[in-house]
Amino acid sequence: MKNSLFYIFVISLLVLSSCKKDEAPATSGTATIDNTTTLGQTYYVYGFLFSEARKVATLNDPVDVLTISPEVNVNNEIVRITFNVNTFKECFFLYGEYQDAASASSAFASLTSFSNPLWIDPPVEVKEKQIWLFRNSQNKYAKIRVVKTVKEKRNNVPYAECTFQWEYQPDGTLTFPGK
């Protein structure tokens with residue numbers, strides 16, 4: 001009888017310890033996206049999907065994936081880099097541009113709520129020390145602080161890269177959790 005109870009106890013512990021809870025995606029972090037193309041059945045890039053807190057392929061034209069692109073002039077020189085996203089609506093608001101990284105970082109940390117702004121369509125010009133608000137197709141919000149940008153030619157091909165700090169509000173309110 002003692003052996004049976006022991007085995008039931010051990011088996012119960014193994015079963016309970018092997019069960020994993022599905023962890024919710026992160027709601028903040030730092031990410032880097034670029035316009036490097038990958039060839040599958042067609043060309044695609046990897047963008048960032050806030051709701052899943054990860055980079056995803058744009059292969060099937062998914063909704064709400066933030067990408068970065070260089071815009072070039074007739075001489076194939078990069079004039080600016082832009083955020084782009086497929087949301088089918090106005091989804092960006094420039095919250096602010098700052099003189100230095102410390103000011104931008106402080107403003108980002110202080111941004112805990114906002115009123116519904118005048119949203120604009122992509123593409124929007126991306127520069128270091130900017131803070132953007134982003135609204136996805138389900139009216140959930142992210143704040144984005146542009147940390148670093150790269151715009152250059154690589155093997156005579158225009159290249160754009162953006163590193164950004166982000167925080168996502170998955171419940172659809174206009175309030176970000178304070179740190």
Chemist: Are Lys127 and Val146 packed together at the side-chain level, in the sense that at least one heavy-atom pair is separated by less than 4.5 angstrom?
Modeler: no
Chemist: Donor-acceptor pair, distance only, cut-off 3.5 Å: does the side chain of Asn155 make one with the backbone of Val157?
Modeler: no
Chemist: Does a side-chain heavy-atom distance below 4.5 Å link Phe114 with Phe93?
Modeler: no
Chemist: Pairs in or reaching into residues 82-102: which pass salt bridge (Lys or Arg N to Asp or Glu O under 4.0 Å), with residues at least two apart or in two chains?
Modeler: none
Chemist: Can you list the residues that meet the ring pair (Phe, Tyr, Trp, His ring centres under 6.0 Å) rule with Tyr168, with sequence neighbours excluded?
Modeler: none
Chemist: Assess whether side chain to side chain contact (heavy atoms under 4.5 Å, CB included) is satisfied between Asn35 and Ser69, documenting all intermediate values.
Modeler: CA-CA 6 Å; Asn35 70 314; Ser69 303; 5.5 Å; no
Chemist: Examine distances only and state if a side-chain atom of Thr67 and a backbone atom of Gly47 form a donor-acceptor pair shorter than 3.5 Å.
Modeler: no
Chemist: When you compare the side chain of Asp64 with that of Gln138, does any pair of heavy atoms fall below 4.5 Å?
Modeler: yes
Chemist: Apply the side-chain contact (heavy atoms from CB on, under 4.5 Å) test between Cys162 and each candidate in Val126, Ile144, Val147; give the one that qualifies.
Modeler: Val126
Chemist: Would a 4.5 Å heavy-atom cut-off, applied to side chains only, mark Asp61 and Asn86 as touching?
Modeler: yes
Chemist: Is the closest side-chain heavy-atom distance between Gln99 and Lys129 below 4.5 Å?
Modeler: no
Chemist: Could you pull out the closest heavy-atom pair between Ala160 and Ile68, with the gap in Å?
Modeler: O-CG2, 3.8 Å
Chemist: Considering non-hydrogen atoms only, spot the tightest contact between Phe48 and Lys55 and give its length.
Modeler: CD1-N, 4.1 Å
Chemist: Should the ring pair Trp132 and Phe92 be called parallel, tilted or perpendicular, given that the plane angle runs from 0 to 90° and is split at 30 and 60?
Modeler: perpendicular
Chemist: Any side-chain to backbone donor/acceptor pair from Ser105 onto Ala101? Under 3.5 Å, distance only.
Modeler: no
Chemist: Any idea which heavy atoms bring Asn84 and Pro122 closest together, and the distance?
Modeler: CA-CB, 4.1 Å
Chemist: Could you tell me whether the side chains of Thr175 and Ser113 share a donor-acceptor contact shorter than 3.5 Å?
Modeler: no
Chemist: Any side-chain to backbone donor/acceptor pair from Glu128 onto Thr149? Under 3.5 Å, distance only.
Modeler: yes
Chemist: What residue among Glu167, Gln165, Gln130 forms side-chain hydrogen bond (donor to acceptor under 3.5 Å, both in side chains) with Arg145?
Modeler: Gln165
Chemist: Residues in side-chain contact (heavy atoms from CB on, under 4.5 Å) with Val72, at least two apart?
Modeler: Asn76, Ile78, Pro158
Chemist: Answer yes or no: is there a side-chain heavy-atom contact under 4.5 Å between Arg135 and Leu133?
Modeler: no
Chemist: Holding to ring pair (Phe, Tyr, Trp, His ring centres under 6.0 Å), I want the full list of residues that pass it with Tyr44, two or more places apart in sequence or in another chain.
Modeler: Tyr46
Chemist: Measuring only between side-chain heavy atoms, which start at C-beta, is Pro62 closer than 4.5 Å to Leu49?
Modeler: no
Chemist: Taking ring pair (Phe, Tyr, Trp, His ring centres under 6.0 Å) as the cut-off, I'd like each qualifying pair that reaches into residues 62-81, sequence neighbours left out, listed once.
Modeler: none
Chemist: Using a 4.5 Å cut-off on heavy atoms from C-beta on, say whether the side chain of Lys143 contacts that of Tyr95.
Modeler: no
Chemist: For Phe134 and Phe83, I'd like to know if the aromatic rings sit close, meaning centre-to-centre distance below 6.0 Å.
Modeler: no
Chemist: Of the non-hydrogen atoms in Ala53 and Trp166, which two are nearest, and what is the gap between them?
Modeler: CB-CH2, 3.6 Å
Chemist: How many angstroms lie between CG in Leu111 and OG in Ser106, if you round to the nearest 0.5 Å?
Modeler: 11.0 Å
Chemist: Ignoring hydrogens and geometry, is there a side-chain-to-backbone donor-acceptor pair from Asn73 to Asn75 under 3.5 Å?
Modeler: yes
Chemist: Considering non-hydrogen atoms only, spot the tightest contact between Thr163 and Thr32 and give its length.
Modeler: OG1-OG1, 2.9 Å
Chemist: Under the side chain to side chain donor-acceptor pair (under 3.5 Å) test, which residues partner Ser51, sequence neighbours left out?
Modeler: none
